[in-house]
Amino acid sequence: MSSHDDSYLSAGTGRPWWADAVVYQVYPRSFADSDGDGTGDLNGLRERLPYLASLGVDAIWLTPFYPSPLVDGGYDVSDYTDVDPRFGTLGGFDAIVATARKHGIRVIVDLVPNHCSSEHPLFKQALAAGPGSAEREMFIFREGRGPDGAKPPNNWPSNFGGSAWTRVSDGQWYLHLFDSGQPDWNWRNPKVAAMFEDIIRFWLDRGVAGLRVDVAHGIFKDPDLADAPTTVRSVVPSGYYHRPETRELYRTWRAILDSYPADVFPGPRTAVGEVWYDTYDTLRPYLAPDGLPQVFNFELVTAEWDAAGIRAAIDATLSLSGGSRAPWVIGNHDVVRPVTRWGSDAARAAALLLLALPGSAYIYQGEELGLPEVLDIPDAARQDPAFRRTKGKIRGRDGCRVPLPWESGGASFGFSRTDRGDSPAAPWLPQPAGWGEFSVETELEDLDSFLRMYQTALRLRREHPALGAGAMRWLNTAGGALVFARDPGFVFAANLAAAPLRLPPHQEVILASGPLRENGSLPRDTAVWLQV
Ligand code: NOJ
C-alpha cells in the first residue's frame, strides 16, 4: 500500500488510505516514559516514532491521554479537548502529529462518547444543581424504585460488576454502564450531541486522520429504561446496547468526517467503531454505507484456535463488508494477549494470517514482541476497576497493559528514561523479571524473533501486489488447513492440526512463522506466505 508517502489514496487503486492500513494501537501509559515518573507519556511516544516507522505501520491509534482521574485507564475523561499533565501537553500532541507525518504515519485518537468522568465539570455541575435541573439533563438521573427509592431505577448491570446505577446524596441515581466514576451522557439531549460535534472538530482540526469510537454500540439508551431480561451483562441488543438511534448519529459524524479535504494528507478521515456484537445481524447495520467508515470485527479475538471456526468467521466478515470496513484484530488493551490465549507458535501464525487477510489490520502494542499476558500481578498493584468492583472475581485487563520492555535489562527495561540524573519511579504496573527477553533490543538481534517477523511481514505487505484490499479465495478447506490465494501470485497457508500439511505448489516461501519440516511440509501451528 501507499504508506510512507504523502499520497492519500492507496497506490493507484482509488481506495482511501484506511482501506488496507496497518494501524498500531498505542496505550500511551505503557508505551514509553520520557520523564521517569513510571507512566508513559506523549514525549516518550514521539521519541519512539522512528521505531514505529521501522516497523512499517501506516497509522497509530492512541487510547485516551485526556485529563482524567484514570479510574478506567483514561476512559473516564474529565476534559475532552486537552492532555492530562501526566501524559504531556497539547503542544506535545501536535508534535506527535507533525513528527508522525514526517514518517508518513497518520494519527487516530479515541473518542469516548458514552460516558465521561465523574470529575467532568458538567457532571459536578449536575450534582450541585440538583433534581429536575437542566444540568442533570446532560446525564441520566432518575428516582430509585421501592418505597423510599432505595433500589436502582432498573436492573441493568455495570460492565465492571454490580449495578449500573449509583445513588447520590439527594436520593437520585445516575446511570453508568461502566464504573461509578464514568457517568453516561444523555444522548437524547441535543446539547450533548452538539458538544461532541465540537470535540470531533477540535481533533480533526488538529490534523488527526480519524477517531476510534469507544463503546459505539452503547450511547443511546431506551427512553423508558425498562428492565433488561437478564442482569447478566451481554452484548445482545437491549435497552442499553445497539439502539437504532445510533445510526442517525453516525450519519451526522460521517458528514463531519467527509467535510474535511480528502486530497491532502492525511486524506479521507476515518472513524472506527468499537462494536461488540452477538451475531452478524447485530453488526450489519453499523456497516451502512453512510455510517461510520469502519467498525472493528472481533472475530479473531473471540475465535478459538480452530481452522473451521476461523474460516467461517472470515467468510462471514468478508460477506458483510470486507476487511476494509471491518478491520481485523487479534488483541487490544481489553483482552488476554494472543500468545497466552493460543500459545506462542499459534500467535505467530495468527499474526501472518492477520496481515494476509484483505483489508485493514490493527496491531496492539507489544503484539509485535510476542508479549504474553502477565498473569501474576499482585492484587495490590492491580488497577482495573473490574478487579475492584468484582472483589477480584474478574482478574481484569492489567495483564495486557504492562509497560513495554525496550531494553534487555536495567531499571524498567528501558521503559522509563534514566538519563535525567534521578533513577526513575517504578513503572505504574510491575514488569515481570524475564521481561527483557521480549525487549525490542533483544528481538532486533534475533533474526527469528517476533519483531523481525512482523517487520518482514509489514515490508512484504507493502511490496506485494496481491496484499491490500483485494479479494481472496480458499484453496484448501480440509481439516486443520487455512489456505487461501490472493492475486496475483500469493498464497497463505497455515496448519492448525497435528498432522503435517503439504504445501500447495509454489515458487518460494517468502515468509514463515516457524521452521518447516525437512520435507517442506508445514508443522502444527505454523503459517507461511508463498509466492506462486
Ligand atoms: C472500551 C475500552 O476499550 C475499555 O478499555 C473501556 O474500559 C471501556 N470501553 C469503557 O470506556
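Here, residue 1 is the first one in the sequence, and each next residue gets the next number. Keep in mind that this is a model prediction, so the values were computed, not measured. When a ligand or atom number is given, it counts from 1 through the structure's own listing order.
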Which of the atoms in ligand 1, numbered in the order shown and given with their element, are less than 4.0 Å from a heavy-atom of [X]?
X: V215; answer: 9 (N)
X: R401; answer: 5 (O)
X: R397; answer: 4 (C), 5 (O), 6 (C), 7 (O)
X: H115; answer: 10 (C), 11 (O)

Exercise. What's the shortest heavy-atom distance between P432 and V402, and which atoms?
Worked result: CD-CG1, 4.1 Å
Exercise. Given V71, D72, D179, which has its nearest heavy atom closest to atom 10 (C) of ligand 1?
Worked result: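 Minimum heavy-atom distance to atom 10 (C) of ligand 1 goes to D72.
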For [atom], what's the nearest protein heavy atom and its distance?
atom: atom 11 (O) of ligand 1; value: D214 OD2, 2.6 Å
atom: atom 5 (O) of ligand 1; value: D334 OD1, 2.7 Å
atom: atom 8 (C) of ligand 1; value: F178 CE2, 3.7 Å

Exercise. Y241 vs H217 aromatic rings, parallel, tilted or perpendicular, using cut-offs 30° and 60°?
Worked result: tilted
Exercise. Does the pair F160 and F178 meet the rule for a ring pair (Phe, Tyr, Trp, His ring centres under 6.0 Å), with working shown?
Worked result: CA-CA 6 Å; F160 294 151; F178 293 86; 5.4 Å; yes
Exercise. Going through the distances and angles, do F415 and W406 end up as a ring pair (Phe, Tyr, Trp, His ring centres under 6.0 Å)?
Worked result: CA-CA 6 Å; F415 167 67; W406 291 92; 8.8 Å; no
Exercise. Going by atom types alone, do W173 and S163 pair a side-chain donor with an acceptor below 3.5 Å?
Worked result: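 Absent: no donor and acceptor within the cut-off.
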Exercise. Q25 and N332: side-chain donor and acceptor closer than 3.5 Å?
Worked result: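 No pair is found: no donor N or O on one side chain lies under 3.5 Å from an acceptor on the other.
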Exercise. Pick from N114, N186, L249: which one makes a side chain to side chain contact (heavy atoms under 4.5 Å, CB included) with F220?
Worked result: L249
For this session: Answer with side chain, backbone, both or neither: which part of R212 has a heavy atom less than 4.0 angstrom from an atom of ligand 1?
Result: side chain
For this session: For ligand 1, note which part of F160 has a heavy atom under 4.0 Å away: side chain, backbone, both or neither.
Result: side chain
